[in-house]
Amino acid sequence: MSLIKEKDLNFLEKTYLPQIISGLIVTLRELFRPKFTRQYPEEKWITPPAYRGRPVLVQENNGEERCVACGLCSRVCPALAIEVKAAETEREKERYPEKFEINMVRCIFCGFCEEVCPEEAIVMSDEFELVFTSQKEAIFGKDKLLMSKEKLAKRLEFLKEYR
Ligand code: SF4
Ligand code: SF4
């Protein structure tokens, strides 16, 4: 014996017209309400300072790189996405990354590299639009990683306040 009691539908209910009409009323009502959907990509999203976009390397106003190629970020990266090769500068006891690469297919935007960096040289930017068509294109070298301090001002201020 079935425990579900079926409702007896009248003729109108059997045509589903009341349900269709009430659905259309909801649609029409929503058409004239203010829209909350972002019209991306025409309407860009302004990220909050806490947002973690792609990691980048900080470049000073005089063009110098902050990174001293200590390799800590590479060690801590859970996705093994960072490769750093150090070289000596002309200054005493100072090094720089001859090669610095992040494999953006591997990166999981965890921010560990930023947290561990003793120089505040690698930070999470506000960039979230990443497009590549091959594994090779996804490996970002210094040409794509270096970003001016001015462009990163929002994030650097945030780190100063909350670190
Ligand atoms: S954000 Fe995380 S996964 Fe990406 S490079 Fe930094 S440590 Fe590695
Ligand atoms: S970005 Fe920071 S942690 Fe990574 S190698 Fe450079 S100085 Fe060291």
Side-chain angles (χ1 to χ4, degrees), residues 23-24 26-163:
L24 283 172
V26 172
T27 308
L28 275 172
R29 198 179 56 213
E30 292 305 319
L31 273 180
F32 299 101
R33 286 218 172 140
K35 292 181 184 65
F36 294 101
T37 319
R38 188 177 302 280
Q39 302 302 305
Y40 182 83
E42 289 80 20
E43 200 186 322
K44 297 280 182 200
W45 179 45
I46 309 291
T47 58
Y51 179 77
R52 293 199 303 255
R54 74 174 179 101
V56 294
L57 292 172
V58 183
Q59 189 166 32
E60 297 290 357
N61 295 336
N62 59 7
E64 272 184 22
E65 305 164 41
R66 275 193 186 179
C67 177
V68 292
C70 67
L72 274 178
C73 54
S74 170
R75 287 215 161 201
V76 83
C77 176
L80 305 177
I82 305 178
E83 195 184 333
V84 190
K85 190 176 167 202
E88 299 292 328
T89 61
E90 283 171 6
R91 292 184 300 261
E92 204 182 341
K93 292 182 191 166
E94 278 216 23
R95 299 195 306 172
Y96 80 104
E98 192 176 46
K99 178 181 174 185
F100 198 113
E101 283 179 354
I102 302 183
N103 185 333
M104 293 312 299
V105 170
R106 284 178 167 239
C107 179
I108 52 168
F109 301 79
C110 64
F112 285 3
C113 50
E114 179 189 67
E115 270 184 47
V116 81
C117 180
E119 299 289 328
E120 223 165 57
I122 187 165
V123 297
M124 305 306 279
S125 70
D126 59 0
E127 289 193 0
F128 53 85
E129 292 169 321
L130 293 172
V131 182
F132 22 78
T133 53
S134 66
Q135 294 269 346
K136 210 174 160 195
E137 260 181 53
I139 297 171
F140 284 15
K142 285 207 298 184
D143 56 326
K144 288 191 185 137
L145 291 176
L146 282 169
M147 197 178 272
S148 73
K149 204 172 141 186
E150 274 168 18
K151 251 183 135 180
L152 293 164
K154 191 168 75 171
R155 184 67 185 182
L156 291 169
E157 274 301 309
F158 171 80
L159 293 175
K160 228 179 255 169
E161 205 170 326
Y162 294 101
R163 247 184 175 179

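Counting convention: from 1, in listed order, for ligands and their atoms alike. Small disclaimer: the values here were computed from a predicted structure and weren't measured. We number each residue from 1, following the sequence as shown.
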Is Arg54 salt-bridged to Glu127, going by a charged N under 4.0 Å from an acidic O?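 Judged by the 4.0 Å cut-off on N to carboxylate O distance, Arg54 and Glu127 do form a salt bridge.
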Protein heavy-atom partner closest to [atom] - residue, atom, separation in Å:
| atom | answer |
| --- | --- |
| atom 2 (Fe) of ligand 1 | Cys110 SG, 2.2 Å |
| atom 7 (S) of ligand 2 | Val68 N, 3.5 Å |
| atom 3 (S) of ligand 1 | Ile108 N, 3.3 Å |
| atom 8 (Fe) of ligand 1 | Cys77 SG, 2.3 Å |
| atom 4 (Fe) of ligand 1 | Cys107 SG, 2.4 Å |

Please identify each residue that fulfils salt bridge (Lys or Arg N to Asp or Glu O under 4.0 Å) with Arg29, with sequence neighbours left out.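 Arg29: no salt bridge (Lys or Arg N to Asp or Glu O under 4.0 Å) contacts found.
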Near atom 4 (Fe) of ligand 2 (under 2.8 Å) - protein N, O or S atoms: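 Within the sphere that stays under 2.8 Å of atom 4 (Fe) of ligand 2, the protein atoms of type N, O or S are Cys73 SG.
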Gap between atom [atom2] of [Y] and atom [atom1] of [X] - 0.5 Å precision:
| X | Y | atom1 | atom2 | result |
| --- | --- | --- | --- | --- |
| Cys77 | Glu83 | SG | CD | 12.0 Å |
| Glu42 | Lys44 | CD | NZ | 8.5 Å |
| Arg52 | Glu114 | CZ | CD | 8.0 Å |

Flag the pair Tyr40 / Glu129 as yes when at least one side-chain heavy-atom distance between them is below 4.5 Å, and no otherwise.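 The answer is yes; the side chains approach within 4.5 Å.
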Once the angle between the rings of Phe128 and Trp45 is folded into 0 to 90°, is it parallel (under 30°), tilted (30 to 60°) or perpendicular (over 60°)?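 The rings of Phe128 and Trp45 sit tilted, inter-plane angle from 30° to 60°.
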Looking at ligand 1, does Met124 have a heavy atom less than 4.0 Å from it?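 Distance cut 4.0 Å: Met124 passes for ligand 1.
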